[in-house]
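Start at 1 with the first residue, then count along the sequence.
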Amino acid sequence: MLKAIRWKSYEPYLLIAPAVLIILAFFAYPLLSGLKLAFMHYVLFEPGNIHFSGFENFKSLLEDKNLPQILGNSVLWVVLTVGLQFVLGFILALALNKQFKGKNIYQSIVFLPWAVSAFLIGMIFKWLFNEQNGLINYLLVKFGILEKGIPFLAIPHVSIFPVIAAMVWYGVPFFGIMILAALQNVPKDIYESADIDGAGRMTKLFRVTIPYIKPTIIITLLLRVIWVFNSADLIYIMTNGGPANTSHNLPSYIFNKIFYTTDYGQASALGIMMLAILILYTLIFLKTTKYDDAGDF
């Protein structure tokens, strides 16, 4: 009997053990390996010169003339992408929260980008902004706005904006789905009480709807900023970070370090820097948005 009780006390730990092992295998081990490499001189083509180098990789990064540009691009990339995705997704969710004819068909169409692969989206937008036969240049020339096509993806400090446009189009459905789900859970009697008090449409939006769905907004913004900050696939497909590194963000610059210099030490140091930035962002964001009090009236 005593053995059965003792075995029962270990049961919860045994049930979660597989999940813990998976997390350790796919998250903790790579993280610790990356942390180790960040303090080593580890160039793939120098197998005889692998050694502990202390903070040399971080020192080299701080001396990298491209790093300020890359950090600025990363901030621009996240702020514009997530900001536009949120605004457009919120408008989309408000529109779809109403009843109208053909709503289900329209809803399936506007959520379609979320089901498309990033590779395909990158290729489509790369063609749209193509100088010779892209649709955007064709329309601008046809309507007399331009005399000839513009190489949007080959202009320094401009090439990142077509990639941001592609990322915005890709991510709007995510915000639409999340916010729409939250809107559908707002009790109808709250709106009825607001109507009795004479509240207008904008008052109900800012005093009822947004405060009620604030937890969803906060956690969605938190997750989306992390995902966008870590995203590099569209940049690699559309511009490969060019021209002259002006469209690189931190993740794509890490790939560049690995594939062109094979310097795994500096790439790992950049990865640790990214992790530190995201941890700091998470702590500040949750503190400033008062997530623990979100949803309280």
Side-chain angles (χ1 to χ4, degrees), residues 23-44 52-83 85-86 118 122 157 159-160 163-164 166-168 170-171 174 218-242 244-289:
I23 292 173
L24 289 174
F26 291 98
F27 177 74
Y29 176 74
L31 178 62
L32 293 174
S33 296
L35 186 62
K36 176 185 175 182
L37 286 174
F39 294 95
M40 295 182 66
H41 177 83
Y42 196 111
V43 179
L44 193 62
F52 177 77
S53 61
F55 290 94
E56 283 301 314
N57 288 323
F58 295 95
K59 183 180 177 182
S60 298
L61 289 177
L62 293 176
E63 294 172 352
D64 188 347
K65 295 180 180 179
N66 293 319
L67 191 60
Q69 171 77 53
I70 305 302
L71 289 172
N73 284 348
S74 297
V75 173
L76 181 69
W77 167 255
V78 171
V79 171
L80 284 184
T81 299
V82 178
Q85 284 180 356
F86 172 70
H157 308 293
S159 57
I160 193 171
V163 189
I164 289 174
M167 194 64 177
V168 169
Y170 182 31
F174 173 76
I218 291 173
I219 200 67
T220 305
L221 282 172
L222 175 67
L223 292 175
R224 194 61 187 154
V225 166
I226 293 172
W227 290 342
V228 170
F229 187 80
N230 284 317
S231 176
D233 41 10
L234 288 180
I235 291 176
Y236 239 80
I237 294 164
M238 293 180 66
T239 66
N240 199 21
N245 295 319
T246 57
S247 64
H248 266 311
N249 64 357
L250 278 172
S252 64
Y253 196 53
I254 289 175
F255 291 154
N256 190 70
K257 283 281 185 185
I258 291 174
F259 291 119
Y260 291 101
T261 68
T262 68
D263 193 336
Y264 282 73
Q266 282 199 17
S268 298
L270 269 173
I272 298 301
M273 183 186 296
M274 280 182 57
L275 179 62
I277 291 172
L278 288 175
I279 291 173
L280 184 63
Y281 153 74
T282 302
L283 294 174
I284 294 174
F285 182 77
L286 292 177
K287 183 71 174 177
T288 55
T289 55

Distance to the ring centre below 6.0 angstrom and angle to the axis at most 45 degrees; does that hold for Arg224 and Phe86?
no
Give a yes or no on whether Tyr170 atom OH has more than 12 heavy-atom contacts from other residues, nucleotides or ligands under 6.0 Å away.
yes
Leu270 vs Leu250, side-chain contact (heavy atoms from CB on, under 4.5 Å): CA-CA, chis, key distance, verdict:
CA-CA 8 Å; Leu270 269 173; Leu250 278 172; 3.7 Å; yes
Straight-line distance of Leu61 CG to Asn66 CG, nearest 0.5 Å
11.0 Å
Does Phe58 have its ring centroid less than 6.0 Å away from the ring centroid of Phe39?
yes
Working to the nearest 0.5 Å, report the span between CD1 of Ile279 and CD1 of Ile226.
9.5 Å
Are the side chains of Phe229 and Tyr281 in touch, meaning some heavy atoms are under 4.5 Å apart?
no
After noting the C-alpha distance and the side-chain angles of Val82 and Leu221, does the key distance pass the side-chain contact (heavy atoms from CB on, under 4.5 Å) rule?
CA-CA 8 Å; Val82 178; Leu221 282 172; 3.8 Å; yes
How many angstroms lie between atom CD of Gln266 and atom CE of Met40, to the nearest 0.5 angstrom?
14.5 Å
Locate the shortest heavy-atom distance separating Ile254 from Met274; write the atom from each residue and the value.
CD1-SD, 3.5 Å
Flag, side chain of Ser159 to backbone of Gly242, donor-acceptor distance under 3.5 Å
yes
Okay, side chain of Ser268, backbone of Tyr264: is any donor-acceptor separation there less than 3.5 Å?
yes
Would the distance check show the side chain of Asn73 and the main-chain N or O of His248 forming a donor-acceptor pair, the cut-off being under 3.5 Å?
yes
Please report the interatomic distance CG(Asn240) to CG(Asn245), rounded to the nearest 0.5 Å.
9.5 Å
So which heavy atom on Thr239 is nearest to which on Ser247, and how close?
OG1-OG, 2.7 Å
Between Ser252 (side chain only) and Gly241 (backbone N and O only), is there a donor and an acceptor less than 3.5 Å apart?
no
Spacing of Asp64 atom CG and Tyr253 atom OH [to the nearest 0.5 Å]:
3.5 Å
Find out whether Leu275 and Leu35 are in side-chain contact, i.e. whether some heavy atom of one side chain is under 4.5 Å from a heavy atom of the other.
no
Can you tell me if Thr81 uses its side chain to pair, donor with acceptor, with the backbone of Val78 under 3.5 Å?
no
Contact check, side chains of Asn230 and Leu278, non-hydrogen atoms, under 4.5 Å
yes
Got a second to check how far Ile160's CD1 is from Leu234's CG, nearest 0.5 Å?
11.5 Å
Trp227 backbone acceptor or donor facing Ser231 side chain under 3.5 Å
no
Within-4.5 Å side-chain heavy-atom neighbours: Tyr29 and Leu24
no
Any Trp77 side-chain heavy atom under 4.5 Å of Ile235 side chain:
yes
Any heavy-atom pair between the side chains of Val228 and Val79 that's under 4.5 Å?
no
Would you call Leu286 and Thr282 a side-chain contact if the rule is heavy atoms closer than 4.5 Å?
yes
Asn57 and Ser60: side chain donor to acceptor below 3.5 Å
no
Is the shortest side-chain heavy-atom distance between Met167 and Gln85 below 4.5 Å?
yes
